[in-house]
Amino acid sequence: MNTATTARSLAVLAVAALVAACSGQGMTPFTKIDGSDPALLGKMDGSWTIINAGGTKVEGMIPPAVVVFDTRSKAVTGFDGCNDFKGTYAFDQGLLKAKVASTRRACTSDMARTISARLGDLLTQGAEVVETSFMKGHVLMLKNAGGDLRMGPTEALRKP
């Protein structure tokens, strides 16, 4: 085997080892939260501002749509772009499901209506919860067959 072939083989092995190491448990920036590990629930705790609805960036909503999870009491509260809501949640077969009550105000924009409907579906029909931390970014995503919502930590998103 010549030097060039050996070098290529070693490079391929190094890349394969790097990919395998990064895909190992604890090395991926994505964490599925399914309610089975109490330590992971802390990644959901707190106030989350909706920043993306089904691939569309949410901009200029005043006030913004916000979801607040209190993992100690299993409570969920917030504002969906149209209405305030509050209730409780649980995990059922790995999906977050909530029972919430909300106000019944009219929505003022298409984006608010979209977020309100999507959040209602995710909470009542069940949603997979995925937390992503990469570099300095932190996102919590709720998704099911109907679509997804991505949220960033409210405190980090506030403008100075």
Are the side chains of [X] and [Y] in touch, meaning some heavy atoms are under 4.5 Å apart?
X	Y	result
Ile51	Val58	no
Val139	Phe134	no
Leu142	Val129	yes
Leu96	Met44	yes
Arg105	Asp84	yes

Problem - Co-membership, hydrophobic cluster, residues Met151 and Leu122, 4.5 Å side-chain - result: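 Result: yes, single cluster for both.
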[X] and [Y]: which non-hydrogen atoms are nearest, and at how many Å?
X	Y	result
Leu40	Lys32	CD1-O, 3.8 Å
Lys86	Thr77	CB-CG2, 3.7 Å
Ile115	Met61	CD1-SD, 3.5 Å
Phe85	Val67	CZ-CG2, 4.2 Å
Val66	Val68	CG1-CG2, 4.0 Å
His138	Ser133	ND1-OG, 2.8 Å

[X] side chain to [Y] backbone, donor-acceptor under 3.5 Å:
X	Y	value
Arg113	Cys107	yes
Asp45	Thr71	yes
Thr154	Ser47	yes
Ser116	Ala112	no

In Å, rounded to the nearest 0.5 Å, how long is the span from [atom1] of [X] to [atom2] of [Y]?
X	Y	atom1	atom2	result
Asn52	Lys57	CG	NZ	9.5 Å
Glu155	Trp48	CD	CH2	12.5 Å
Leu41	Ser36	CG	OG	8.5 Å
Met141	Ile33	CE	CD1	11.0 Å
Glu131	Thr31	CD	OG1	5.0 Å
Arg118	Asp80	CZ	CG	12.5 Å

Handout entry: Partners meeting ring-ring contact (aromatic ring centres under 6.0 Å, His included) with Phe69 (sequence neighbours left out)
Key =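 Once residues adjacent in sequence are excluded, the partners of Phe69 under the ring-ring contact (aromatic ring centres under 6.0 Å, His included) criterion are Tyr89.
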Handout entry: Single hit among Thr103, Leu119, Val100 for side chain to side chain contact (heavy atoms under 4.5 Å, CB included) with Asn83
Key =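 The passing option is Thr103.
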